[in-house]
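Data block below; observations after.
We name chains A, B, ... by the order of the sequence lines, and we start the count at 1 in each one. FYI, side chains are in, hydrogens and waters are out, and symmetry mates aren't considered; it's all heavy atoms of this structure. This is a predicted model, so every value here is computed, not measured.
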Number of protein chains: 2
Amino acid sequence: MLSIGELSRETGVKVPTIRYYEQMGLITAPERSAGNQRRYSRAELERLAFIRHGRDLGLSIEDIRELLELSAIPDQTCAQANKIAADHLAVIREKILRLKKLEKELARIATGCKGHTIGECYVIESLSNHGLCADGH
Amino acid sequence: MLSIGELSRETGVKVPTIRYYEQMGLITAPERSAGNQRRYSRAELERLAFIRHGRDLGLSIEDIRELLELSAIPDQTCAQANKIAADHLAVIREKILRLKKLEKELARIATGCKGHTIGECYVIESLSNHGLCADGH
DNA sequence: CTTGAAGCTATAGTGGCTAGAGGGATTATA
DNA sequence: TATAATCCCTCTAGCCACTATAGCTTCAAG
């Protein structure tokens, strides 16, 4: 049996976050010690590791909730699980594209400034004047 | 003189967001009509466009506040403005790197599943077993 | 003068935590 | 056994940048 602190150390999920997940219903309320402290089993550690892993991959709490529900019924087809992963992959790819555009734009702004005063500053100028942007963003 | 709705249409910033920016002190409270409605001048439109542009580039409200303050004193050196842009560029580049790792990992997970039931599902399996991951993430 | 769109304020909700207050429990050492 | 250090408890509020809702007033067109 693990205390919440031990569980935290083993999974890398912070203590208040574990309590938050319990409140959100991602993990069920565990047993308590005589003095009302949470005591976790190995099964709960694995469930939390699953959640942690999903969050690290950027899945939302709701995505993870759904995957946890799916994983409880091993005979069902896994189409839904695949869909969650594939949808999320599409979101990630979209984000990457967007950020690359921003990177390009910011690199232009940040390196373009040769003036020494705000009055001549390209950073300020660029923000004031959207027309200077290469991409529509 | 523009109503808040006109200002919204011209800048692409939603009406409640404009009021929010006013509350946050990014734009000063504008004149009011006889019936207490906001009336904006061209100068305010430009300031809002500046804010919008900064937000589009992912700058925080605080970054933008600082840039707005800097832009009000044209004789100061622009080192600080450059720093804000450069720092943000670094943050963006970091995010891109992180997302690329996630993309790789998710692509592996989402395409790896050949089973037909949850019991054999690679998506679920991968989340349960961090050891399958190529990268440390 | 009526009607419908647009505007007003104030409050609460979003996601995923994080921080703090004010206490009780457990554990290691003296 | 006493005590001190550390951990844990609940509850509430705060973070960011909005977004939504409710209940009201004002404006502009016909």
Side-chain angles (χ1 to χ4, degrees), chain A residues 1-27 29-40 44-45 47-48 50-68 84 87-88 91-92 95 98 102, chain B residues 1-27 29-40 44-45 47-48 50-68 84 87-88 91-92 95 98 102:
Chain A
M1 283 300 181
L2 304 160
S3 72
I4 199 168
E6 286 160 348
L7 184 66
S8 171
R9 252 166 274 128
E10 291 216 30
T11 57
V13 180
K14 287 181 191 160
V15 168
T17 305
I18 296 172
R19 290 196 278 246
Y20 169 75
Y21 288 160
E22 182 183 323
Q23 209 184 312
M24 293 299 100
L26 279 192
I27 53 183
E31 288 178 50
R32 299 285 181 131
S33 73
N36 198 35
Q37 298 192 352
R38 290 170 179 83
R39 292 292 176 264
Y40 295 94
E44 280 155 320
L45 185 148
R47 192 177 172 96
L48 186 56
F50 182 107
I51 295 168
R52 163 91 214 254
H53 197 175
R55 288 294 300 135
D56 278 352
L57 290 173
L59 293 168
S60 71
I61 296 281
E62 285 316 306
D63 283 342
I64 292 169
R65 192 193 303 280
E66 194 167 347
L67 288 171
L68 283 166
I84 291 173
D87 283 357
H88 187 59
V91 169
I92 296 281
K95 272 191 193 166
R98 238 186 76 83
L102 294 190
Chain B
M1 282 300 183
L2 304 160
S3 73
I4 198 168
E6 286 160 347
L7 184 65
S8 172
R9 251 166 277 128
E10 291 217 28
T11 57
V13 179
K14 287 180 191 158
V15 168
T17 306
I18 297 173
R19 289 195 278 245
Y20 169 75
Y21 288 161
E22 181 183 323
Q23 210 183 311
M24 293 299 101
L26 278 192
I27 53 182
E31 288 178 50
R32 297 286 181 129
S33 73
N36 200 33
Q37 299 193 351
R38 290 169 179 81
R39 291 293 176 263
Y40 296 93
E44 280 154 322
L45 185 148
R47 190 175 173 100
L48 186 56
F50 182 107
I51 294 168
R52 162 91 214 252
H53 196 176
R55 288 294 300 134
D56 278 351
L57 290 172
L59 293 167
S60 71
I61 297 281
E62 284 316 304
D63 283 342
I64 292 169
R65 193 194 302 280
E66 195 167 349
L67 287 171
L68 282 167
I84 290 173
D87 283 357
H88 187 59
V91 169
I92 295 283
K95 274 191 192 165
R98 239 187 76 81
L102 295 189

Note to self: Can you confirm whether B:E31 is buried at CD, in the sense that more than 12 heavy atoms of other residues, nucleotides or ligands lie under 6.0 Å from that atom?
What the structure shows: no
Next item on the list: For B:Y20 and C:dT14, give me the distance from atom OH to atom C1', rounded to whole Å.
Entry: 13 Å
Notebook entry, point to check: Considering only side-chain heavy atoms of A:S60, which listed nucleotide, D:dC8, C:dG16, C:dG7, is closest?
Noted result: C:dG16
Item checked: Side chain of A:S33 - closest among C:dA25, C:dC8, D:dC8 -> C:dA25
Check: What is the distance, rounded to the nearest whole Å, between atom CD of A:E22 and atom P of C:dT18?
Finding: 17 Å
Next item on the list: Take the protein atom NZ of B:K14 and the nucleotide atom P of C:dG7, then report the distance between them rounded to whole Å.
Entry: 15 Å
Next item on the list: Using atom CD1 of B:I61 as one end and atom P of D:dG14 as the other, report the distance to the nearest whole Å.
Entry: 19 Å
Notebook entry, point to check: Whole-Å distance between D:dC7 C1' and A:E6 CD?
Noted result: 10 Å
Notebook entry, point to check: If you check every side-chain atom of A:R19, which of C:dT18, D:dC9, D:dC18 has the closest atom?
Noted result: D:dC9
Notebook entry, point to check: Side-chain contact, heavy-atom cut-off 4.5 Å: B:I51 with B:V13?
Noted result: no
Checklist line | Nucleotide nearest A:Q37 when distance is taken to its side chain, options C:dG16, C:dC17, C:dA25 | finding: C:dA25
Margin query: Side chain of B:N36, heavy atoms from C-beta onward: which of D:dT10, C:dG16, C:dC8 has the nearest atom to it?
Written below: C:dC8
Margin query: Closest-nucleotide mapping onto DNA chain D: is B:E62 or B:G35 further toward the 5' terminus? I mean the 5' end.
Written below: B:E62
Next item on the list: Scan A:R32 against the nucleic acid and name what it touches under 4.0 Å (heavy atoms): base, sugar-phosphate only, or nothing.
Entry: sugar-phosphate
Note to self: Can you tell me which nucleotide in C:dC8, C:dT18, D:dT19 comes closest to the side chain of A:P16?
What the structure shows: C:dT18
Next item on the list: For B:R39 and for B:Y21, locate the closest nucleotide of DNA chain D by heavy-atom distance; then report the residue assigned to the nucleotide nearer the 5' terminus.
Entry: B:Y21
Check: Taking it one step at a time, do B:S3 and B:R38 satisfy side-chain contact (heavy atoms from CB on, under 4.5 Å)?
Finding: CA-CA 6 Å; B:S3 73; B:R38 290 169 179 81; over 6 Å; no
Checklist line | Nucleotide nearest A:R55 when distance is taken to its side chain, options C:dC17, D:dA17, C:dG7 | finding: C:dC17
Next item on the list: Using a 4.5 Å cut-off on heavy atoms from C-beta on, say whether the side chain of A:E44 contacts that of A:L7.
Entry: no
